[in-house]
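Single-structure report; data block below.
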Amino acid sequence: MYVNLKALCLLNVLNDGLNHSANSLAKHFKCSLASIHFLVSQLQKYNVDVVNIDGYGIRLNKPIVWLDTELIARHTLMKSERFDLRLFDIIDSTNNYLLSQLKRNTLIQRSSPVVIAEFQTNGRGREGRIWQCGFGNGLMFSLCWRFEKGVSDLSGLSLVVGIAILRVLRSYSIPNINIKWPNDILCNYYKLAGILIEIRGEVCGPSYAVIGIGINFNLSKSIIPLIGQRVTDLSSVTGNLIDRNLVLGKLLSELYNVLDDFAYYGFSYFKKEWISYHSYEGCEVDLIIPNGLAITGIVDGVTDDGAICLLTLEGRKSFNVGNISIRPRIQ
Ligand code: BTN
């Protein structure tokens, strides 16, 4: 998608939250009224909630708290060289960016690269799904982490990343935040955040995990119907505009801790904590496996490598293939 810098400048002006007449904006930008309306339509393409009412003027529904790498670095409370922060206004996908750098071998080894974007034109979710979030409405970032272990020793990694997110979000005292196996972050059973991990490397190591995280902060009204599942965001569940810089800073420190512990101890070290966050622990569920078959049982924890366990009529069974969906029998 063509990055319209003028549209972003307009967004900056509208971010004061005031009503601006199209005429005054045209004067400010030294352009025609038609150009202003075009720029507004560009912003709407980025799913920005711009209200444009004839006779009343143009304004932004909710202000955006801009991402700022200096603030993020300060909030990590870690040595600045630990992470290499790269911020983009618009990118296709932060995961794609790091995967292509990995392929070209252009990642610096000393610090972990973190790519952050205000908007993704090709945001990807798990199992080939799309991840949609409007400009400035969420946190969308990817971190590349090097493990000395081989690819097959990384099972449970995606559950551990969920733990880092839970620890940070729970520090805001938000009630009812849980994880749905393997790593959907839910609030009151509505999706709040998601994790996409893509691994490259050797069987015996080293291996690299590109860890992509999307957290909804302030979804625009126009995007919610496009997402096609029950979603929520932090501003709705807290009633506040939470600073993305602060959350990202805290999250990077927490990720650093859990990834380090995971490299050393493996998933079993986190198992108890993860189970305590699972939204369906002890519940009767249907597990829909890729061939469409439903297996009914009661959720009974996870294994040491992060597979979900069910107590079924045939006994205790574990499942760990991709594309399994869990449906509670009663919610
Ligand atoms: C899911 O729940 O399906 C996973 C969503 C992961 C979305 C994030 S946003 C940042 C990173 N870049 C992507 O293209 N996807 C991940």
Side-chain angles (χ1 to χ4, degrees), residues 1 46-47 67 69 72 83 85-103 107 112-145 157-166 168-169 177-187 189-200 208-220 223-224 226-234 244-245 247-248 251-252 255 277-279 288 290 306 308 321-326:
M1 195 191 285
Y46 305 150
N47 297 104
L67 289 170
T69 48
I72 297 164
F83 295 106
L85 304 176
R86 304 174 201 180
L87 173 60
F88 291 82
D89 282 328
I90 301 185
I91 201 170
D92 73 328
S93 148
T94 53
N95 264 43
N96 288 356
Y97 178 93
L98 284 177
L99 287 173
S100 72
Q101 297 250 313
L102 260 182
K103 205 168 173 187
L107 290 179
S112 304
V114 179
V115 178
I116 314 150
E118 292 284 11
F119 186 75
Q120 296 184 119
T121 55
N122 183 26
R124 294 186 295 109
R126 285 195 303 118
E127 311 300 339
R129 287 187 289 266
I130 300 173
W131 182 261
Q132 306 207 65
C133 185
F135 194 100
N137 292 163
L139 256 184
M140 289 165 272
F141 73 99
S142 304
L143 153 75
C144 185
W145 196 266
L157 172 62
S158 75
L159 283 73
V160 163
V161 172
I163 288 182
I165 300 177
L166 254 272
V168 171
L169 295 183
I177 295 201
N178 292 300
I179 307 180
K180 177 179 160 199
W181 187 89
N183 57 19
D184 281 343
I185 311 296
L186 308 180
C187 184
Y189 297 100
Y190 281 64
K191 184 141 169 178
L192 181 64
I195 302 164
L196 172 68
I197 298 188
E198 296 176 287
I199 293 171
R200 301 287 183 271
Y208 296 86
V210 171
I211 301 170
I213 296 179
I215 305 178
N216 301 326
F217 272 64
N218 198 12
L219 289 175
S220 59
I223 209 161
I224 295 174
L226 304 178
I227 295 179
Q229 60 174 313
R230 300 191 331 170
V231 286
T232 189
D233 59 22
L234 282 175
R244 292 177 297 158
N245 296 298
V247 173
L248 182 50
L251 190 48
L252 289 175
L255 282 166
Y277 296 148
H278 192 202
S279 37
I288 318 291
I308 186 163
V321 289
N323 211 3
I324 292 182
S325 64
I326 303 177

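Counting starts at 1 for both ligands and their atoms, in listed order.
- With sequence neighbours excluded, the residues forming a side chain to side chain contact (heavy atoms under 4.5 Å, CB included) with Ile130 are Gln132, listed by chain and number.
- The only member of Asp233, Leu139, Leu192 that meets side chain to side chain contact (heavy atoms under 4.5 Å, CB included) when paired with Phe217 is Leu139.
- In this structure, Asn216 contributes its side chain and Thr232 its backbone to a donor-acceptor pair below 3.5 Å.
- Applying the ring-ring contact (aromatic ring centres under 6.0 Å, His included) criterion to Phe88, with sequence neighbours excluded, gives Tyr97.
- Protein neighbours of ligand 1 below 4.0 Å, counting non-hydrogen atoms: Ser93, Thr94, Asn95, Gln120, Gly123, Arg124, Gly125, Arg126, Trp131, Met140, Phe141, Ser142, Asp184, Lys191, Gly194, Ile195, Leu196, Gly212, Ile213, Gly214.
- Under the 30°/60° scheme for interplanar angles, the aromatic rings of Trp145 and Phe83 are found to be tilted.
- Residues satisfying the side-chain hydrogen bond (donor to acceptor under 3.5 Å, both in side chains) test with Lys191, not counting sequence neighbours, are Asp184.
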